[in-house]
Amino acid sequence: MIYELKIEDDVPKTVNSFLKQLLESGKVDAVLAMQETPSGKSAFPTMISDPEKLNTNVFAPLLPVSTGAMVSRLTKIKGSDKPLAVVLRACEIRALTELLKLKQADLENIVLIGVDCPGTFPMKTYSNYPGDDDPTEVVLKGESEENMRTACLNCKDPVPETADMIIGIFGADTDKAILLDTRTENGQELVSDMKLSEVATEEDREKAVLEIRNKRDEARKAFIDEHSDIAGVDKLLEFFDTCVNCHNCMKACPICYCRECLFESDVFDVEASKYMAKAKSKGAYKTPTDSLLFHVTRFNHMILSCVECGLCEQACPSDIPLMDIITAIAENAQAEFEYLPGRDPEEEMPMIVYREDEFLDVGEK
Amino acid sequence: MSEEKEKKNEDFEPKIVGFLCNWCSYAGADLAGTSRIQYPPNIRVIRVMCSGSVDSVYVNRALLEGADAVLIGGCHPGDCHYINGNYKARRKMVLLKNILTTLGMEPDRIWLRWISASEGQKFADTVKEIVNETKKLGPNPMKEKWNI
Amino acid sequence: MSANETIGAVAVVGGGIAGVQSALDLADMGFKVYLIEKSPAIGGVMAMLDKTFPTNDCSMCILSPKLVDCARHPNIDIFTLAQVKDIKGEAGNFKVLVDQKARYIDPDVCTACGDCAEVCPIEIPDTFEQGLIMRKAIYKYYPQAIPNAYVIDKEGTSDHKGCIECGLCEKACTAGSIDHSQEDREIALDVGAVILATGSAPFDPKIKKEFGYGKFPNVITSLEFERILSASGPYEGKILRPGDKKHPKKIAWVQCVGSRDRNINQEFCSSMCCMYTTKEAVIAKEHEKDIDATVFYIDVRTFGKDFDRYVERAKREHGIKYERSRISEIYQKECGDLTIRYEDVEGELHEDTFDMVVLSIGLCMTGDRSKMLSDLGLDVNEFGFPLSGTNDPVALVKPGIFMAGSIVEPQAIPESVMQASAAASQAAALLRDSKDTLVEPAPEYPERDVSEEEPRIGVFVCNCGINIGNYVDVSKVVEYADTLDNVEYATDSLYTCSEDTQKSIVDIIKDERLNRIIVAACTPRTHEPLFKKSLSEAGLNPHLLEMANIREHCSWVHTDKDRATEKAKELISMTVAKSRLLEQIPKTTIDIEQSALVVGGGVAGMTTALSLADQGYKTVLVEKEDKLGGKLNKIKFAFEDVDLDKILAEMEKRISEHEDLELRLDSTIKEISGHVGNYNIKLSDDEEIITGAIIVTTGSSEHTPTSYGYGKDPRIVTQLELEEMLSELNEGDIEEGETFVMIQCVESREGDRNYCSRICCMGALKNALKIKDINPRAEVYILYRDMMTYGFFERYYKEARENGVIFMQYDVEKKPEIKIDENITAKVWEPMLQEEIELNADHLVLSTGMNPEEGTFEVAQQLKVPLNQDGFFLEAHVKLRPVDFSTAGVFLAGSCHSPKFINECIYQAQAAAARASTVLAHPKMEAEANVAVVDDDRCSGCKTCISVCPYNAIESLTETIDGVEVTHAEITEGLCQGCGTCVAACPSGAIDQKGFKDNQILAMIKALGTCSRGVINE
């Protein structure tokens, strides 16, 4: 059911007001949503239980962390026994779905409120937006996508399909109203006491969603084409030349869930004589070692669940444009197994299932 | 191809790392031995219990250490001694090759072959084939890189 | 004679798959086994097959581990070139007299290097290869032969002389294993029971002159074709025809050669030929896509599990042609091609020419096998096969002697394996009081703990006579090994496996305080246990051994000595790298609760329960109804006037009186948890039971049809309903001309019940003969697709025809139709007359087959065992583990596996009891050493490993650690089979497999990386 939420002040305040209603209704004990920090320089997914302290901006165009990963942190040990509403973007909900499959999150008593995502800016750009414009306004107006993060320009799907309800701006005249699309019984139940008016037609929404998806798809394809030359040993080593092995990309990635990454364990550690032998055989040997191995292995482990959120690129202290290669790797690998991360929580991860009649030419002469 | 590179390729003897599963492919390699079927001495075998236990990290490590080719030998689909390890190995290798293809990291250096315990000739033929094809690819460029 | 005077040993006669299975089961239970085999190696006919149906598994690959287990088992003594002459004594105390021919070679010394065969001047047709190629007088029976030793044939054949004792082989053998003066000997074995598993002979089609075998070189037997298909066969896996070695493009298979043949007293069906023919055609096409394959058949007997689908796929996907026909003659054309003249279903004569013809030969009882039966004074049936005791398919009339395999009846591998285990359970029950009396536990040596020591590696390089020494510079290899870090001792020897070298290794380990041993020699698959034993003797944990294969993988396959030496060095460098990181693996055992639970009280459940209880294991039998018997209660009469009521009553009595058996009627399972050796079961009344093993015997039920007007007219019944009706009739209750029309395969073998239920054809015949018995003038029509009267059931098909039952064949594309008004009319297409025949039926009888019993799905969920696509339980391996689940400690039997006859249920049930006994036999069971272990601290509880484990050996454990609830994976050591798949599945590397740890493998890769560039000190 698609409803309309009439705009009060502006879009973020309208949503805030809606969330306040939700909290006050007692249907949820807390809301997890993007709330600007007091200085205004940043925003973070924040748990808010006091409706007076609610000051969210769910469309704040930055992605400091993946809310999906935050839900995992909150619920990994044990699920919530009180109702909680979580507001998240499309890539975050897809990441959360993958984490669910990996038993790293528990959605007991949690309602997922998805929001359409028009895109985000890098952290530094957000806190210091050129020309003193309000980044939220920029992104809601949708006129210019200059300054947007690469990952967002190539977004896999900006609509959070699997949420219990979606707060939508695509297909809405955001000066007048935004959309509230209840997708599941849980979502519908949350708004059952509110007086909401239905939209006249769902066509506008459908059309707008199709348009933005097409736009992003085309951009992604062009992007992949453009960067397809980053291939081959030399180009790759050049690409990773400034990598300092900090593993930040792994730490920021919502999918990387290992308690201790293989590369932070001692499995690769050896005594000096072995390193010396290596140096002897090659003539020279860079430290830290196994840099490229780390990246290739990380891709092996997580690329099938990669939601292309770009947090890895954002986290890199050397500003390595990881999306330049990850976009292609993710697309190709996922296509190979006809798998889309986050599409369906019941869908099994590709590496734990198999069919006898697939890849029949592999292994044969 | 330049003359110099061609000559280098001619002299080049690829080093192949072979992960052979204990029940089928390792036994097949043994049979090649008992039958005295000759093949080039380029392969170094690491025995594992099942092709399904060959972690992609091993294959990656081998390649990044400079192995010119990696062979993973398993039982034919349906014959796996541990029921279905080879099916999982197949998916793992398909994924690895897909990633390496996108990265342009010569996925053709990775070979997954089903070799049963009675296929000594097939093992020898596979080694010959890998040697020939890898010679065409040339030495693994990773060998010379000191900043990997 | 009192029970404790029985001898705790069993003689198993015949080393084919049945003999091997019996031997392994009995040895695992704690009995001494003497495995007696006529040929120079065990393996039987299964070793000759290329692939097995319906999975197309490589036969040798699935057989070889069992043969190796036999060879290594401390409780099994193998006697090859041996035949049983006589069995004296009685049950519990037999003396078996065995004639063993001389091998002229000491198998303990022979290294199977083959140097002797190289120099032998005599060539004899190779019997294993069916005479398609020659072998030498000194030879190894087949490449993977167990015992892995050569043998000298001094007899030769009628056309070829044997060994001429020239002595060249003796000179060539540097190990000194040849002794031409060896003599035949007679051995007397004292045993408590005997199992005959000598099989039956492949039929020799020479006497069927119309097929031209023996005259036309391109007419071959199916066994010859198996060898041709085999990669290690006479043509190295290339399909060539023997006549001119050309590639045949068009091949014909001729069914029933030597079977279903009244003229040569072989009027029985050999049961396996329809399936193996399909397999051969499918595999032939896999070798070469464009081979044109045609099968000339009478019926296609696809009565086994998944057989129908296999043949359907062969027709549909592989394009194999099936021609229902009668062949009159095969004649040869000049070029060697063969023309088959045959009559089709419509009675028309045809001729077709082929490049090669394969005769699908059956089995028969002739030659040495027949002689043995008559020497032993055993009663045989009209075809020469031994007669079994009443109601016990694997017991002979003489107590204490059992049989298994195709000596019982021509049959395929799963039945042979089941009977083998069944015979083992019978023998075990007979000898229950002398279990473990003749077997010696392995000697235990004190082990020194080396975990605090720096690795001190000893490298022992073998020359293997000249087998390694001539092709690899062993001294350079030793020199190189010495330079490697942590190698404290390096040496070479002529034959590392020889007794004296073994002794010196033990001494060196002690003297040099070595704590890691590397043997660079042959493949670990032969001598690893031998070297491990030496480590134990020297006080080291046996898992501190690692072998480098420089023979099979190096000296035997590379001609360039320099490069072979380089390779050997690198292999040793890699092995040294791994061995530095080797850890002691302590022997772990699982505690076994020595009792069992049987789920389902039909004939299979009762048999299993009794068999286990007879062996002394406390057993609980759970049955959901209020009485025992299952479908036995529904069967009113049987062939040969077997009194089923009496049998059921006897079993019930035995069960109620048995001191080791408890019965729970009106009872089902509520909950199951645990693992092999320790299952916790809660029954429906909340009673809790702990057992070590569970056997599932939940059975099946007749399918209720919805077509052919069933349920709409009382004249339309199922076979079971007809049976009930007939059981209450007497002579005169059926009128002359009263017509029964039976339709076979109703809602079976098509659609979503695409399997054959095996028992319906015989069920129809049984009822048909009963009808004819009541009134010979009643009319009975059986409309069938294929008459599945396999094995000796064929005689009932003949009897029915002789009694005037009319058989009409129909194809699934043109099924019979019926019309119901005041009459029931069945319309069926008659191909010979080319018209539709109408039959007026007074009774329409539908054979609908069986479905898995209600509740099967729930039981499968509770036990976490799989079902196949038809809803029947899925066993661990269709051929070689037909009563095991892949989950350890759970077994199955009876029609819950697939529909089957009562006696088949019985021996499968006995087999399940035997397999369960191998688990329950001792209070502790040794667990697999190379198991995987989860590091709790690193596990993130994602359950990826749980999803990929094929043995359900990993579970999710929630524990409170330091006040926090943590969920992580936990591997049950007892269930882990050591495949390592979980290790590769875990992205954190939180799982490691003992003996194949990540750091060990990575070290090997690293070592190869550095030493390849000539770096010595790595």
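Letters A, B, ... are given to chains in the order of the sequence lines, protein chains preceding strands, and every chain is numbered from 1.
Both the backbone and the side chain of Leu293(A) have a heavy atom closer than 4.5 Å to some heavy atom of chain B. Looking at Glu331(A), neither its backbone nor its side chain comes within 4.5 Å of chain B, counting heavy atoms on both sides. Residue Ile352(A) does not touch chain B at all, counting heavy-atom pairs closer than 4.5 Å. When heavy atoms are compared at a cutoff of 4.5 Å, Leu236(A) approaches chain B solely by way of its side chain, counted from C-beta outward. For chain A, the nearby parts of Lys145(B) are the backbone and the side chain; heavy atoms of each come within less than 4.5 Å. With a 4.5 angstrom heavy-atom cutoff, Met142(B) touches chain A via backbone and side-chain atoms both. The part of Leu262(A) that comes within reach of chain B is its side chain, from C-beta onward, which places non-hydrogen atoms under 4.5 angstrom from that chain. Using a 4.5 Å cut-off between heavy atoms, Glu106(B) does not touch chain A at all. Heavy atoms closer than 4.5 Å to chain B are found in both the backbone and the side chain of Asp290(A). Looking at Leu100(B), only its side chain comes within 4.5 Å of chain A, counting heavy atoms on both sides. Of the two parts of Phe337(A), only the side chain, counted from C-beta on, holds a non-hydrogen atom closer than 4.5 Å to a non-hydrogen atom of chain B.
Of all the heavy atoms in Lys282(A) and Lys143(B), the pair that sits closest is NZ-O, 3.6 Å. Closest approach of Asn300(A) and Ser56(B) over heavy atoms only: OD1-OG, 3.6 Å.
To the nearest 0.5 Å, the span separating CD on Glu358(A) from CZ on Arg90(B) amounts to 5.5 Å. Distance CG/Leu96(B) to OG1/Thr297(A): 9.0 Å, rounded to 0.5 Å. To the nearest 0.5 Å, atoms NZ (Lys235(A)) and CE (Met105(B)) are separated by 15.0 Å. In this structure, the separation between CG on Leu103(B) and NE2 on His295(A) is 11.0 Å, given to the nearest 0.5 Å.
Among Asp55(B), Thr101(B), Asn60(B), Ile115(B), the residue making the largest number of heavy-atom pairs under 4.5 Å with chain A is Asn60(B). Taking Ile325(A), Ile224(A), Val353(A) one by one and counting their heavy-atom pairs under 4.5 Å with chain B, the maximum is reached by Val353(A). Ranked by non-hydrogen atom pairs under 4.5 Å with chain A, the options Leu64(B), Ile72(B), Val94(B), Val57(B) are led by Val94(B). In terms of non-hydrogen atom pairs under 4.5 Å with chain A, the most contact-rich of Ile99(B), Leu95(B), Asn147(B) is Leu95(B).
Counted within 6.0 Å of CZ on Arg36(B), heavy atoms from surrounding residues, nucleotides or ligands total more than 12; the atom is thus considered enclosed. Heavy-atom neighbours of Met276(A) CE from other residues, nucleotides or ligands within 6.0 Å: at or below the threshold of 12.
Between the side chain of Arg91(B) and the main chain of Pro350(A), a donor-acceptor pair closer than 3.5 Å is present.
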